[in-house]
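Quick note on labels: first sequence line is chain A, next is B, and so on, each numbered from 1. All values reported here derive from a predicted model rather than from experimental measurement.
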Amino acid sequence: MTATISNRRRGDVQRWSRTLIPTAREAPADATTISHRLLVRAGYIRALGAGIYDYLPLAHRVIRKVADIVRQEMNAAGASELLLPALLPIELYKETKRDVDYGPLLFRVEDRKSAIAALGPTHEEPITELMRAAVTSYKALPLNLYQIQTKFRDEARPRAGLLRCREFLMKDAYSFHMHVEGAGGLNEAYDAMYRAYTNVFTRCGLDFTAVEAESGPIGGSASHEFMVNADSGEDTILRCPESGYAANVEKCETGERPRGAFTEPPTGDLAEVHTPGMPTIDEVGKFMKVKPDRMLKTIVFQDASDAAPDAPARWIVAVVRGDHDVNEGKVKTLSGATKVALADPAAAKAAGFAVGYVSPRVVSAVPNTLLLIDADASHGGFWASGADKPDHHVKHFNWRREVGSALDDAGRVRVGDLRNAIVGDPSPRAPGATLVAQRGIEVGHIFKLGDKYSQAMGFLIPDETQQRRPVIMGCYGIGVSRTMAACVEQRHDDAGIRWPAPLAPYHVEIVLMKPEDEQHMSVATTLADALADAGIDVLIDDRPERPGVKFNDADLIGLPIRLTIGAKALEQGGIEAKRRDDSGKGEIVPTDKVVAWCVEQLG
RNA sequence: CGGGGUGUAGCGCAGCUUGGUUAGCGCGUUUGACUGGGGGUCAAAAGGUCGGCGGUUCGAAUCCGCCCACCCCGACCA
């Protein structure tokens with residue numbers, strides 16, 4: 001006897017009557033999202049609590065297929081799979097202060113000795129703890145380690161079925177390096193992960209977009225999100241149709257926008273208006289009869305660089321149009337500070353800011369203040385603004401008259417890009433092109449971590465020159481269970497799910513019109529066997545149900561191919577074959593050609 | 001965490017305002033018959049701590065109080 005190692009996978013064959021697929025005509029009333037409703041109705045998942053789900057056999061098979069593709073691509077990219085605990089001593093998180101930073105999002109459990117453990121929301125700490133003990137030489141690097149594991153996050157508001165859960169399945173990978181550039185460096189691993197992720201989602205049969213996301217501590221394009229394109233997605237991304245540039249709203253740059261000259265004449269005398277108890281732009285605008293796009297929104301930040309803790313606070317005041325959103329990252333960039341944060345309201349008040357009613361005039365009124373003006377807010381014409389005293393606003397704000405010569409001092413006033421990009425903004429990469437919006441669901445995220453965790457946890461090893469240096473890390477996540485739901489959001493119709501072949505729980509459903517007919521059953525099992533030999537997974541609907549029920553359920557669970565075995569087709573020496581994506585009854589395919597037909601359709 | 005809402009059979013709902021037979025209806029389930037290519041028809045049946053605890057009352061699904069769970073909008077979301 002010879003042992004063989006086969007790389008040829010034989011398909012699975014299962015009978016509907018022998019597994020658990022509890023389909024339902026109606027979805028539970030509390031399921032509102034499409035993927036949630038369809039996955040429950042089609043018997044894939046059941047809710048057990050808020051953001052907690054049972055994965056029934058069909059769902060488990062889909063999950064496994066996603067995971068297998070992820071594994072293959074990760075392994076091909078040189079990563080190694082391991083498995084870390086989900087139950088983690090809270091002390092680990094104290095080392096990085098994430099027990100506080102992560103806050104209530106971190107699930108905590110108490111053991112019999114009253115010790116607190118965390119249920120891992122992500123595994124930077126345990127992997128760094130492992131590496132710190134196991135790797136003591138730069139010669140052991142680079143390394144890329146990953147796991148596919150259940151994660152726990154005590155979400156403030158779990159919602160949308162599998163899209164935002166408290167317990168979910170995630171692939172998380174961590175890479176370790178002594179340097180960023182060059183062979184064996186972080187950038188090399190990051191690029192490899194970018195390619196692997198592109199391969200994964202392509203192989204899953206998903207329509208997706210890789211977008212630039214908020215930069216990590218290393219700067220540059222240090223983070224990408226992989227978004228499944230779906231109109232029902234929660235996230236908005238912006239894309240330049242010309243250059244292919246795409247980014248999320250937090251990150252998206254804009255092309256040069258026209259700016260004001262600060263020489264435009266006033267529109268009238270400065271007029272103060274009493275606006276009691278109106279904290280929002282909308283309310284004030286309605287009260288004063290001024291549209292938000294004619295108001296200046298003035299937000300106080302402080303330079304949070306930890307360079308000189310005793311130095312007097314340095315204030316950064318950002319001004320954007322009332323209908324725009326200020327972007328903290330852009331405030332940081334334009335100010336040149338290494339770190340900025342929203343000003344502490346009490347400290348800002350003490351320094352002389354009328355928080356909530358600030359106007360750009362404070363650049364002269366409060367020492368150590370840098371004024372940043374978004375291009376769209378720098379124009380002339382009518383403006384309303386805060387009045388620098390509580391419960392008051394002013395009309396006819398004029399830049400030159402109100403702010404004066406400070407406008408000409410680049411050390412005190414700068415104009416630039418300060419707000420989130422919006423649809424119609426000029427593209428930053430193609431002159432003349434404008435940004436378009438697109439909805440998506442984030443299913444992957446790759447990130448250059450740098451030395452944040454290795455520093456915090458003391459993971460330093462000597463390099464070639466015997467200098468102890470913190471290890472540089474990258475982290476790379478894929479939401480496995482979320483990918484399943486995102487796929488349903490993207491691929492469904494009124495009748496049910498439409499799985500792409502690579503993720504379908506089974507590739508082919510054989511519908512028996514008369515399961516009690518022995519000849520029909522024999523045709524079905526012979527056919528299923530032949531399909532399995534070709535590597536195809538087969539579900540046989542052998543239930544004694546009426547045809548309508550079975551056809552509707554077939555559409556609902558969404559397998560790519562339906563083969564119907566009934567007297568009519570058999571008399572013609574064939575089987576009725578239909579793709580899920582096609583309407584109608586399908587075509588009669590000669591019985592001996594069915595396997596080849598299926599293989600061809602499944603591509 | 002703020003605002004709104006819902007808990008009655010596996011699922012979808014009515015009943016509650018105005019307390020009073022044995023708590024109903026549709027779907028589903030079980031049994032039988034007929035039927036047999038897109039959720040069929042008839043007959044019979046099973047299935048309920050009315051979210052929980054306490055209170056008011058002769059009597060509570062219904063009124064009152066406290067608690068719990070879940071959903072939606074917002075805040076939040078490495």
Side-chain angles (χ1 to χ4, degrees), chain A residues 20 22-33 36-37 40-41 43 46-53 93 96-98 100-106 120-125 151-161 163-166 168 170 172 174 213-217 222-223 225 234-235 248-250 279-280 282 441-442 444-450 452-453 473-477 479 482 494-496 511-517 520 541 543-556 562-571 575-576 578 583-586 588:
Chain A
L20 178 66
T23 56
R25 196 185 302 209
E26 291 183 276
D30 55 17
T32 51
T33 312
H36 188 188
R37 294 178 65 82
V40 172
R41 279 190 56 211
R46 285 286 167 100
L48 190 60
I52 308 173
Y53 291 85
Y93 287 88
T96 56
K97 297 193 172 61
R98 281 217 297 177
V100 177
D101 292 349
Y102 223 77
L105 215 53
L106 192 64
T122 171
H123 280 71
E124 283 83 1
E125 283 85 353
K151 305 286 182 187
F152 300 87
R153 291 182 197 177
D154 195 359
E155 291 286 347
R157 185 149 96 81
R159 80 191 93 158
L163 291 174
R164 180 156 233 93
C165 288
R166 295 199 295 171
F168 56 96
M170 178 172 164
D172 50 326
Y174 306 90
E214 207 168 306
S215 293
S223 178
E225 290 173 350
E234 278 191 322
D235 301 314
N248 66 18
V249 285
E250 289 78 31
T280 68
D282 280 347
I441 300 161
E442 181 189 349
H445 197 163
I446 57 178
F447 200 81
K448 294 182 187 176
L449 267 183
K452 177 179 173 182
Y453 291 91
M473 297 170 58
C475 67
Y476 319 93
R482 181 186 274 190
D494 290 344
V511 177
L512 277 162
M513 299 309 297
K514 284 187 187 294
E516 70 281 7
D517 183 309
H520 291 193
D541 187 351
R543 296 173 301 167
E545 288 288 349
R546 299 185 61 82
V549 173
K550 300 173 92 160
F551 290 143
N552 280 324
D553 274 351
D555 288 344
L556 186 58
R562 189 186 84 196
L563 301 177
T564 306
I565 295 181
K568 290 174 190 169
L570 285 180
E571 280 165 22
I575 280 162
E576 185 184 294
K578 175 187 169 297
S583 55
K585 292 198 166 187
I588 307 275

- Message: Whole angstroms only, please: what is the OH-P distance between A:Tyr476 and B:A78?
- Response: 18 Å
- Task: Check the pair A:Glu576, A:Leu563 against side-chain contact (heavy atoms from CB on, under 4.5 Å), reporting the backbone distance first and the verdict last.
- Result: CA-CA 6 Å; A:Glu576 185 184 294; A:Leu563 301 177; over 6 Å; no
- Task: Using a 4.5 Å cut-off on heavy atoms from C-beta on, say whether the side chain of A:Lys550 contacts that of A:Met513.
- Result: no
- Could you encode protein contacts along nucleotides 6-13 of chain B as a string, one character per nucleotide from 5' to 3', using B for base contact, S for sugar-phosphate-only contact and - for no contact, with a heavy-atom cut-off of under 4.0 Å? -----SSS
- Query: Between A:Asp494 (CG) and B:G39 (C1'), how many Å, whole number?
  - Reply: 16 Å
- Task: Counting heavy atoms from C-beta on, name the nucleotide in B:A78, B:C71, B:G38 closest to the side chain of A:Ala50.
- Result: B:C71
- Query: Hey, is the side chain of A:Arg153 pairing donor to acceptor with the base of B:A78 inside 3.5 Å?
  - Reply: yes
- Separation of the P atoms in B:C13 and B:A78, to the nearest angstrom: 34 Å
- Residue pair A:Phe551 / A:Lys585, side-chain heavy-atom distance below 4.5 Å: no
- Message: Between A:Thr32 and B:C72, is there a contact of a side-chain N or O with OP1 or OP2 at under 4.0 Å?
- Response: yes
- Between B:A75, B:G37, B:G38, which nucleotide gets closest to the side-chain atoms of A:Arg159? B:A75
- Item | Residue matched to B:C13 through Watson-Crick or wobble contacts both under 3.5 angstrom | B:G24
- Note on the structure: The Watson-Crick or G-U wobble partner of B:A46, with both key distances under 3.5 Å, is none
- C1'-based separation of B:G51 from B:G59 [nearest Å]: 23 Å
- Query: With side chains defined as the heavy atoms from C-beta onward, is the minimum distance between A:His520 and A:Leu570 less than 4.5 Å?
  - Reply: yes
- Message: If you define the side chain from C-beta out and look only at heavy atoms, does anything of A:Glu545 sit under 4.5 Å from A:Asp553?
- Response: no
- May I have the distance from A:Asn248 (atom CG) to B:A78 (atom C1'), rounded to whole angstrom? 13 Å
- Note on the structure: Readout for nucleotides 41-51 of chain B: B = base within 4.0 Å of protein heavy atom, S = sugar-phosphate only, - = neither; 5' to 3' it is -----------
- So which nucleotide from B:A78, B:C72, B:U29 ends up closest to the side chain of A:Glu545? B:U29
- Atom pair CG/CZ of A:Leu163 and A:Phe168 - distance to nearest 0.5 Å: 12.0 Å
- Measure the distance from CG on A:Leu106 to C1' on B:C77 and round it to the nearest whole Å. 15 Å
- Query: Could a donor-acceptor pair under 3.5 angstrom be found where the side chain of A:Arg546 meets the base of B:G40?
  - Reply: yes
- Please report, rounded to the nearest Å, how far the C1' atom of B:G37 is from the CG atom of A:Leu563. 16 Å
- Task: Report yes if the side chains of A:Arg543 and A:Pro515 come closer than 4.5 Å at any heavy-atom pair, otherwise no.
- Result: no
- For B:G2, which nucleotide is its Watson-Crick or G-U wobble mate, given both distances must be under 3.5 Å? B:C73
- Message: Say we look at B:C63 and B:U56: how far apart would their C1' atoms be, to the nearest angstrom?
- Response: 8 Å
- Query: Mind checking the P distance from B:A69 to B:U22? Whole angstroms is fine.
  - Reply: 35 Å
- Query: Using purine N1 to pyrimidine N3 plus N6-O4 or O6-N4 for Watson-Crick, or N1-O2 and O6-N3 for G-U wobble, each under 3.5 Å, what pairs with B:U41?
  - Reply: B:A33
- Task: Using the C1' atoms only, state how far B:A23 lies from B:G4, rounded to an integer number of Å.
- Result: 29 Å
- Message: Does a side-chain N or O of A:Arg157 approach OP1 or OP2 of B:C72 to a distance below 4.0 Å, or not?
- Response: yes
- Which comes earlier along RNA chain B counting from the 5' end, the contact point of A:Glu234 or that of A:Arg25, where each point is its nearest nucleotide? A:Arg25
- For A:Glu250 and B:C76, give me the distance from atom CD to atom P, rounded to whole Å. 11 Å
- Item | Length of the line joining A:Asp172:CG and B:A78:P, which is rounded to integer Å | 15 Å
- Taking the same atom, C1', in B:U62 and in B:C50, what whole-Å distance lies between them? 10 Å
- Query: In whole angstrom, what separates A:Leu163's CG from B:C71's P?
  - Reply: 14 Å
- Ion pair A:Lys452/A:Glu124, N-O distance below 4.0 Å: no
- Item | Test item: A:Glu234 and A:Glu442 side chains (from C-beta on) under 4.5 Å apart, heavy atoms | no
- Query: Below 4.5 Å, heavy atoms only, C-beta onward: do A:Pro121 and A:Leu106 meet side chain to side chain?
  - Reply: yes
- Message: Measuring only the C1' atom in each nucleotide, how far is B:G37 from B:G32? A whole number of Å is fine.
- Response: 25 Å
- Query: Where the side chain of A:Lys514 is concerned, which of B:G36, B:A78, B:C70 is the nearest nucleotide?
  - Reply: B:G36
- Task: With the side chain counted from C-beta on, respond yes when A:Asp154 and A:Arg166 share a heavy-atom pair under 4.5 Å apart, and no when they do not.
- Result: yes
- Task: Report the C-alpha distance between A:Arg98 and A:Thr122 in whole Å, list the side-chain angles of each, state the deciding distance to 0.1 Å, and finish with yes or no for side-chain contact (heavy atoms from CB on, under 4.5 Å).
- Result: CA-CA 11 Å; A:Arg98 281 217 297 177; A:Thr122 171; 3.3 Å; yes
- So what does A:Asp555 hit on the nucleic acid, given a heavy-atom distance under 4.0 Å: a base, only sugar-phosphate, or nothing? base
- Quote, to the nearest angstrom, the P distance that separates B:G24 from B:G47. 13 Å
- Position toward the 5' end of RNA chain B (nearest nucleotide), A:Ala31 or A:Arg543: A:Arg543
